[in-house]
Amino acid sequence: MPMPPPPERSFASDNAAPAHPEVLEEIRRANHGHALAYGADPWTAGVEGSFAALLDRPVSVSLVANGTGANVLALATLLEPGAAVICSDWSHVATDEAAAPERILGSKLIAVPSEDGRLHPDRIREQARNLGNIHHAQPGVVSITQATEWGTLYTIDQIGEICDVAHGHGMTVHLDGARIANAVAALGGDPSTLRRMVVETGVDVVSFGGTKNGLLGAEAVIHLDPARARRAAYLRKQVNQLVSKMRFVAAQFTAALRDDNWLRWAEHANRSARVLHAATAPLLGAAAPAAPAVNSIFPVLDPGVARALREWSFFWPWDSERDQYRWMTAWDTTEEDIDRFAAGLAHLVRADGN
C-alpha cells in the first residue's frame with residue numbers, strides 16, 4: 001500500500017513555521033508613513049513599556065534581529081576582559097552558533113558536560129576553582145538555556161540556585177530564552193511565572209525569543225538591571241544588530257505581547273507535542289520517548305523507518321549514535337497534521353515489522 005498523504009506542516013522545527021497572521025497585520029499597520037530609525041519610534045517605546053509591565057519592574061530592552069545576535073549582544077554586555085562563559089555542552093551558544101560568541105567577543109566558552117542539556121550548579125563550583133589563576137580564563141558569566149536544546153526545563157528553584165552560586169563567585173547569569181515562551185507555558189502559563197523565573201531568581205540578562213514563536217524575525221535582549229545595560233546601545237551596533245527600521249521588529253513584539261498572545265501560541269505548540277506523543281508512542285513501543293515537557297520529542301527510530309519517514313515528511317536527526325531524532329511542533333500545528341504523521345509512521349512500522 002502507498003504512504004498516506006504527508007502532513008501539510010512538517011515537524012522539522014518551530015523555526016520552519018510561518019509568521020502568525022496577527023504579527024503580519026501589525027507589521028502592515030506599522031508600514032504607514034515615516035518613523036525615525038534605530039528605535040526612535042513609538043512602536044519600540046511601546047514594546048519597552050510592555051516588557052517593563054510584563055516583568056513588573058524597570059528594564060532595559062534591546063530589540064535585535066536573530067537569536068545568535070541576541071546571545072552575542074547579551075554576553076557582550078556582561079563580559080569583562082579576560083572573562084569566560086560557563087555553559088552546557090548542549091547549549092546553543094556552544095554548538096549551533098558557529099563559534100560566533102568566541103570569534104566576535106574574543107572570550108572562551110567553557111562548555112561543561114550535561115546529560116539533558118541542563119547545567120548543574122556543581123559544574124559552576126568546579127570552574128570557580130580557576131578564579132585567581134592567571135593561566136586560566138576567568139569564569140565571569142554563566143549561560144543557561146530555558147527550555148534546553150533537549151526540551152528539558154529548569155525549575156524556578158534550580159535557576160535560583162544557579163544564580164546564587166554564580167553570584168556568590170562574582171559571576172553574572174545570562175538566560176538564553178529562544179523558547180522561553182514554551183518554558184513559561186509549561187511551568188505555569190501566566191506572566192507571573194516569567195517574573196518568578198527571571199526576576200525573583202536573580203537572572204541578569206535574558207535573550208527573549210520571538211522568532212520560534214510566531215514572529216517573522218525578532219528577539220529581545222532584556223537587562224533586568226538597567227544599569228548593566230549602559231553599553232548595550234553601542235555594543236548592539238558593533239555586533240551588527242542595530243536594525244535601521246526598528247519599528248518593524250517592534251511591531252512583531254507588539255502583536256505577541258498583546259493579550260498574552262506569546263503564551264497562547266507557545267501553549268498550543270506544547271499541547272500539540274503532547275498530542276503527537278500520545279499518537280506515536282504506542283507505535284514505537286519500548287523505544288517511545290518520554291512525554292514532552294515543551295514542544296519537542298526525541299524518538300529513537302529504526303534507520304530504515306527514519307529514512308523513509310524523513311523523505312515523506314522531513315525532520316532533523318539529533319543523536320546519530322543512538323538513532324535519535326527530533327520532532328517539533330509549532331504555533332500552527334493542527335490535529336490533522338498529527339493524524340497524518342502518525343498514520344505515516346504506522347504504515348512504515350507495520351511494513352518494517354513484516
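In this text the structure is predicted, and so the values were computed from the model without any measurement.
- Using a 4.5 Å heavy-atom threshold, the side chains of Leu131 and Pro139 count as touching.
- Of all non-hydrogen atoms in Glu219 and Gly67, the two that sit nearest each other are CG-N, 3.6 Å.
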Exercise. Going through the distances and angles, do His167 and Asp204 end up as a side-chain contact (heavy atoms from CB on, under 4.5 Å)?
Worked result: CA-CA 10 Å; His167 292 157; Asp204 294 289; 2.9 Å; yes
For this session: Could you check Leu175 against Ile159 for side-chain contact (heavy atoms from CB on, under 4.5 Å), going step by step and ending with a plain yes or no?
Result: CA-CA 9 Å; Leu175 188 147; Ile159 295 176; 4.2 Å; yes
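- Separating the OG1 atom in Thr254 from the CD atom in Glu22 is a distance of 12.0 Å, to the nearest 0.5 Å.
- The pair Arg307-Glu311 fails the salt-bridge criterion, with no side-chain N (NZ, NE, NH1 or NH2) lying under 4.0 Å from an Asp/Glu carboxylate O.
- Heavy-atom minimum distance, Thr211 versus Ala218: OG1-N, 3.1 Å.
- A donor and an acceptor atom, one from each side chain of His20 and Trp265, are located under 3.5 Å apart.
- Rounding to the nearest 0.5 angstrom, the gap separating the CD atom in Gln127 from the CG atom in Leu119 is 9.5 Å.
- Val64 and Val206 end up in different hydrophobic clusters when Ile, Leu, Val, Met, Phe, Trp and Tyr side chains are linked at under 4.5 Å.
- Side-chain atoms of Asn213 never come within 3.5 Å of backbone atoms of Gly210 as a donor-acceptor pair (strictly under, hydrogens ignored).
- With hydrogens and angles ignored, the 3.5 Å screen pairs a side-chain donor or acceptor of Arg247 with a backbone N or O of Ala30.
- Looking at heavy atoms from C-beta onward, Pro289 lies in side-chain contact with Leu284 at the 4.5 angstrom threshold.
- Residues Ala111 and Ala94 come closest through the heavy atom pair CB-CB, 4.2 Å.
- With 3.5 Å as the limit, one finds no donor-acceptor pair spanning the side chains of His92 and Glu149.
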For this session: Give the intermediate values and the outcome of side-chain contact (heavy atoms from CB on, under 4.5 Å) for residues Phe208 and Leu194.
Result: CA-CA 11 Å; Phe208 192 101; Leu194 176 66; 4.0 Å; yes
Tell me which donor-acceptor pairs under 3.5 Å the side chains of residues 50-60 have, and how far apart each pair is, sequence neighbours excluded?
residue : atom : partner : partner atom : Å
Ser50   : OG   : Gly46   : O            : 3.0
Arg57   : NE   : Leu224  : O            : 3.1
Arg57   : NH2  : Leu224  : O            : 3.1

Problem set entry | Test log, rule side-chain contact (heavy atoms from CB on, under 4.5 Å), inputs Arg28 and Asn31 | CA-CA 5 Å; Arg28 187 196 65 79; Asn31 192 36; 5.6 Å; no
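- Looking at heavy atoms from C-beta onward, Ser320 lies out of side-chain contact with Tyr325 at the 4.5 angstrom threshold.
- Closest heavy-atom contact between Leu75 and His174: CD2-ND1, 3.9 Å.
- With Gln158 contributing its side chain and Thr155 its backbone, the two residues share a donor-acceptor pair below 3.5 Å.
- Side-chain contact between Asn66 and Gln241 is present, with at least one heavy-atom pair separated by less than 4.5 Å.
- The 12-atom threshold is not exceeded at CZ of Arg103, counting heavy atoms of other residues, nucleotides or ligands nearer than 6.0 Å.
- Side-chain atoms of Asp323 do not come within 3.5 Å of backbone N or O of Leu301 as any donor-acceptor pair.
- Under the 4.5 Å side-chain heavy-atom criterion for Ile, Leu, Val, Met, Phe, Trp and Tyr, Val349 and Leu276 are members of the same hydrophobic cluster.
- With hydrophobic clusters built from ILVMFWY side chains whose heavy atoms lie under 4.5 angstrom apart, Val198 shares a cluster with Val47.
- For the pair Ser296 and Ala273, the tightest heavy-atom approach, listed with the atom from each and the gap, is N-CB, 4.3 Å.
- Rounding to the nearest 0.5 Å places CG of Asn130 at 4.5 Å from NE2 of His136.
- Inspection of the Ser114 and Ser88 side chains reveals an N or O donor paired with an N or O acceptor under 3.5 Å.
- Between the side chains of Glu97 and Asn71, at least one donor N or O lies within less than 3.5 Å of an accepting N or O.
- At a threshold of 4.5 Å between side-chain heavy atoms, the hydrophobic network of Ile, Leu, Val, Met, Phe, Trp and Tyr places Leu78 and Ile162 in two separate groups.
- Applying the ring-ring contact (aromatic ring centres under 6.0 Å, His included) rule to Trp312 yields no partners; only residues at least two apart in sequence or on another chain are considered.
- No hydrogens or angles considered: nothing links the side chains of Asp176 and Gln146 as a donor-acceptor pair under 3.5 Å.
- With hydrogens and angles disregarded, no donor-acceptor distance shorter than 3.5 Å links the side chain of Thr329 to the backbone of Ser272.
- Atom CZ of Phe314 has more than 12 heavy atoms from other residues, nucleotides or ligands within 6.0 Å.
- Under the side chain to side chain contact (heavy atoms under 4.5 Å, CB included) criterion, Asp225 pairs with Ala227, Arg228, sequence neighbours left out.
- Aromatic ring pairs are classed by plane angle as parallel below 30°, tilted from 30° to 60° and perpendicular above 60°; the pair Trp150 and Phe298 is tilted.
- Ion pairing between a basic and an acidic side chain is recognised when a charged N comes within 4.0 Å of a carboxylate O; Glu267 and Arg264 show no such pairing.
- Residues Met171 and Val141 share a closest heavy-atom pair of CB-N, 4.4 Å.
- The backbone N or O of Leu263 lies less than 3.5 Å from no partner atom in the side chain of Asp260, so there is not a single donor-acceptor pair.
- Looking at Gln252, its side chain never comes within 3.5 Å of a backbone N or O of Ile27 through a donor-acceptor pair.
- Ring-centre distance between Phe11 and Trp316: not below the 6.0 Å cut-off.
- Two residues are said to be in side-chain contact when any heavy atoms from C-beta on lie closer than 4.5 Å; Pro101 and Val85 fail this criterion.
- In terms of modelled atom types and a separation under 3.5 Å, the side chain of Thr280 and the main chain of Ala342 share no donor-acceptor contact.
- The neighbour count for Glu126 CD, taken as heavy atoms of other residues, nucleotides or ligands under 6.0 Å away, is above 12.
- Interatomic distance, Asp116 CG to Thr152 OG1, rounded to the nearest 0.5 Å: 4.5 Å.
- Residue Arg179 forms a side chain to side chain donor-acceptor pair (under 3.5 Å) with just one option from Thr148, Asn270, Asn295, Asp14, and that option is Asp14.
- Between Asp41 and Lys245 there is no salt bridge, since none of the side-chain N atoms of the basic residue sits less than 4.0 Å from a carboxylate O of the acidic one.
- Remark: side-chain polar atoms of Arg118 are paired, donor with acceptor, to backbone N or O of Leu153 under 3.5 angstrom.
- Distance alone, capped at 3.5 Å, places no donor-acceptor pair between the Asn182 side chain and the Ala185 backbone.
- Atom CG of Leu109 is separated from atom CG of Asp89 by 12.0 Å, given to the nearest 0.5 angstrom.
- Using a 4.5 Å heavy-atom threshold, the side chains of Val249 and Trp43 count as separate.
- Tyr154 and Ile222 end up in the same hydrophobic cluster when Ile, Leu, Val, Met, Phe, Trp and Tyr side chains are linked at under 4.5 Å.
- For the pair Phe253 and Val61, the minimum side-chain heavy-atom distance is 4.5 Å or more.
- Between Trp327 and Phe315, the two ring planes are perpendicular [angle over 60°; tilted spans 30° to 60°].
- Comment: Glu8 does not engage Arg340 in a salt bridge, judged by the lack of any side-chain N to carboxylate O separation of less than 4.0 angstrom.
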